[in-house]
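One structure is given below, encoded as structure tokens.
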Amino acid sequence: MIREDSRPKRAIVAAVQKPAVPDLEFEASLAELRQLAKTLGFQVMQTFTQKRAGFDSAGYFGVGKREELKALVEGGIEAVLVDHEISPSQAHNLEKEIGCEVMDRTMVILEIFHRHARSRAARAQVEIARLGYMAPRMREAAKAAGPKDRARSGTGGRSGGESHGELDRRKIRDRIAELQKELDSMKLERKTQRARRQERQGLARVALVGYTNAGKSTLMRALTGSEVLVADKLFATLDTTVRALHPEGVPRVLVSDTVGFIKNLPHALVVSFKTTLDEALEASLLAHVVDASDPGFERQLAVTEEVLEEIGAKDVPRLLVFNKIDRGGDAAALRKKYPGCVVMSAREPAEVARLSDRIRAFFEKELVEAEIFLPWAEQKLRGEIFATCKVLAERADDKGAFLRVRGDADTVKHLQQRYGRAAKPRSKAT
Ligand SMILES: Nc1nc2c(ncn2[C@@H]2O[C@H](COP(=O)(O)OP(=O)(O)O)[C@@H](O)[C@H]2O)c(=O)[nH]1
Ligand SMILES: [Mg+2]
């Protein structure tokens, strides 16, 4: 759907405004769709709207507007993103008439979820939603393919009267049932999931959560400094949205960008959204990013917290980050109302550095100080100690070296056990 080469696909974001929809609401939804389009790698060239009593049943826009759209497409537009869920026949007609790909809001969102779904449950859930969305559209495509399609249906052990489209629909139904069964069996494995989370807690991970457009991806780039992906084998295969906090320190902190909350989320996608967000559960710290300049931020903040609680992230520590303060918002009032919060602008490097320090401080708090004994025969393992701990001091005797280190409790314990403790453990962990 998205081109493999580096040039982004040129798109138009388009919508019909019905009389009952206030301008502000209409504009906000369009702005959100533009942001979602960017997330998918589209270059949004313009926004195209029409005020109309209702959606045209044949082609969503009125006839004249469809002509206009067609002219724009001929000028080099490759996709039209419609800010409503439109019917399969509307999408089909529109595509044929204007001559380019049409994606509706639901499809755009599904594509984003698909990219973010990492856990087995999230993948299954998103696939169910996708198949549910596809089924009626395939029927439409089959209808458009015409009656000769029916001739092909005799094979494959299906009853003779079944059309190709019906066959596909049955396959989709079967696949949905299969995925649902898989999901049900996964629910029984919840405990395992919790265990996995605990296991990962040794790794310093912070997840950015919050609404689309709050500035999560911008902060992610600013905090991690480079476009270089974390090469760590464990994560490299998992996703492309995990990077190390820059500059790297001890412990090495990994930052991940989660799927954003969406103001105008189609009801059928709520469950997929929540399952996809569950990667947030693997973090030991959630940086909840809020757009302080958005007049509706308090409601968004509340919804985010509710959903985080629902998915079981209630106990994961939070750092509340009010971003975009350069665009608006009352910094003093925010600090007073939300003690411990960070108020900042992602555009101010000094403020990004402050956020970075706050994150680092959170993980450093968890560090312990200890002494590790390293026998002379084991010196080749020095590298590992230096890579995983901060070495504060070093002394030596005839048996080996004693390294005074600060590091993650589990790592330190593991290293101590591996080489045997120093004869006289000097002081306890702080
Ligand atoms: N003025 C201002 N704009 C910001 C700030 N942070 C992000 N943005 C802009 O807000 C838009 C959405 O940011 P993005 O990081 O993509 O949001 P995400 O959907 O949460 O990942 C982009 O156009 C950013 O350039 C900020 O602190 N101040
Ligand atoms: Mg983003």
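Atoms within a ligand are numbered from 1 in the order they appear, just like the ligands themselves.
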Aromatic ring proximity, centroids under 6.0 angstrom, Phe297 and Tyr211
no

Check this for me: does any side-chain nitrogen of one of Arg404 and Glu394 sit under 4.0 Å from a carboxylate oxygen of the other?
no

Check Arg252 against Ala244 and note the closest heavy-atom contact, atom names and distance.
NE-CB, 4.2 Å

Answer yes if the side chains of Gln125 and Ser272 hold a donor-acceptor pair under 3.5 Å, and no otherwise.
no

Under a plain distance cut-off of 3.5 Å, with no hydrogens placed, do Arg123 and Thr275 share a side-chain donor-acceptor pair?
no

Go through ligand 1 atom by atom and flag the ones less than 4.0 Å from a non-hydrogen atom of Lys216.
15 (O), 17 (O), 18 (P), 19 (O), 20 (O), 21 (O)

Do Glu305 and Arg318 meet the salt-bridge criterion of a basic N to acidic O distance under 4.0 Å?
yes

What is the number of protein N/O/S atoms located under 2.8 Å from the Mg ion (ligand 2)?
1

Numbering as shown, the atoms of ligand 1 that approach Asn323 to under 4.0 Å (heavy-atom distance):
5 (C), 6 (N), 27 (O)

Parallel, tilted or perpendicular: which describes the rings of Phe55 and His84, with under 30° parallel and over 60° perpendicular?
tilted

Where's the contact between Lys324 and ligand 1, heavy-atom distance under 4.0 Å: side chain, backbone, both or neither?
both

Looking only at side-chain N and O atoms, does Glu32 offer a donor or acceptor that is under 3.5 Å from a partner on Asn264?
no

Considering only non-hydrogen protein atoms, determine which one is nearest to atom 28 (N) of ligand 1 and report residue, atom name and distance to 0.1 Å.
Asp326 OD1, 2.8 Å

Basic-acidic side-chain contact under 4.0 Å: Arg34, Glu27:
yes

Could you identify the single nearest non-hydrogen protein atom to atom 16 (O) of ligand 1 and state the distance to 0.1 Å?
Gln35 NE2, 2.7 Å

May I ask you to identify the nearest protein heavy atom to atom 11 (C) of ligand 1, giving residue, atom name and distance to one decimal place in Å?
Asn213 OD1, 3.3 Å

Please determine, by modelled atom types, if Glu127 and His114 share a side-chain donor-acceptor pair under 3.5 angstrom.
no

Carboxylate-amine/guanidinium contact Asp56 Arg66, below 4.0 Å
yes

Should Ile325 be counted as touching ligand 1, given the test is an N or O pair under 3.5 Å?
no

Looking at Thr212, which atoms of ligand 1 are within less than 4.0 Å of one of its heavy atoms?
19 (O)

Tyr211 neighbourhood, listing ligand 1 atoms whose heavy-atom distance to it stays under 4.0 Å
20 (O)

When distances are taken from atom 9 (C) of ligand 1, the protein heavy atom at minimum range is Arg347 NH2, 3.8 Å

Looking only at side-chain N and O atoms, does Arg221 offer a donor or acceptor that is under 3.5 Å from a partner on Ser217?
no

Ligand-residue contact atoms, ligand 1 with Ser345, heavy atoms, under 4.0 Å
26 (C), 27 (O), 28 (N)

Under 3.5 Å side-chain donor-acceptor pair for Gln17 and Asp23:
yes

Show the atoms of ligand 1 that are less than 4.0 angstrom away from any heavy atom in Ala346.
6 (N), 26 (C), 27 (O)

the protein heavy atom lying closest to atom 23 (O) of ligand 1 turns out to be Lys38 NZ, 3.9 Å

Ranking Val259, Val352, Thr218, Leu36 by closest non-hydrogen atom to atom 24 (C) of ligand 1, top hit is Thr218

Tell me which protein heavy atom sits closest to atom 17 (O) of ligand 1, plus the residue, atom name and distance to 0.1 Å.
Gly215 N, 3.1 Å

Measuring from the heavy atoms of Gly260, does anything fall under 4.0 Å of ligand 1?
no

Is it the side chain (CB and beyond), the backbone, both or neither of Met220 that lies under 4.0 Å from ligand 1, heavy atoms counted?
neither

Give the ring-plane orientation class for Phe273 versus Phe113, where under 30° counts as parallel, over 60° as perpendicular and anything between as tilted.
tilted

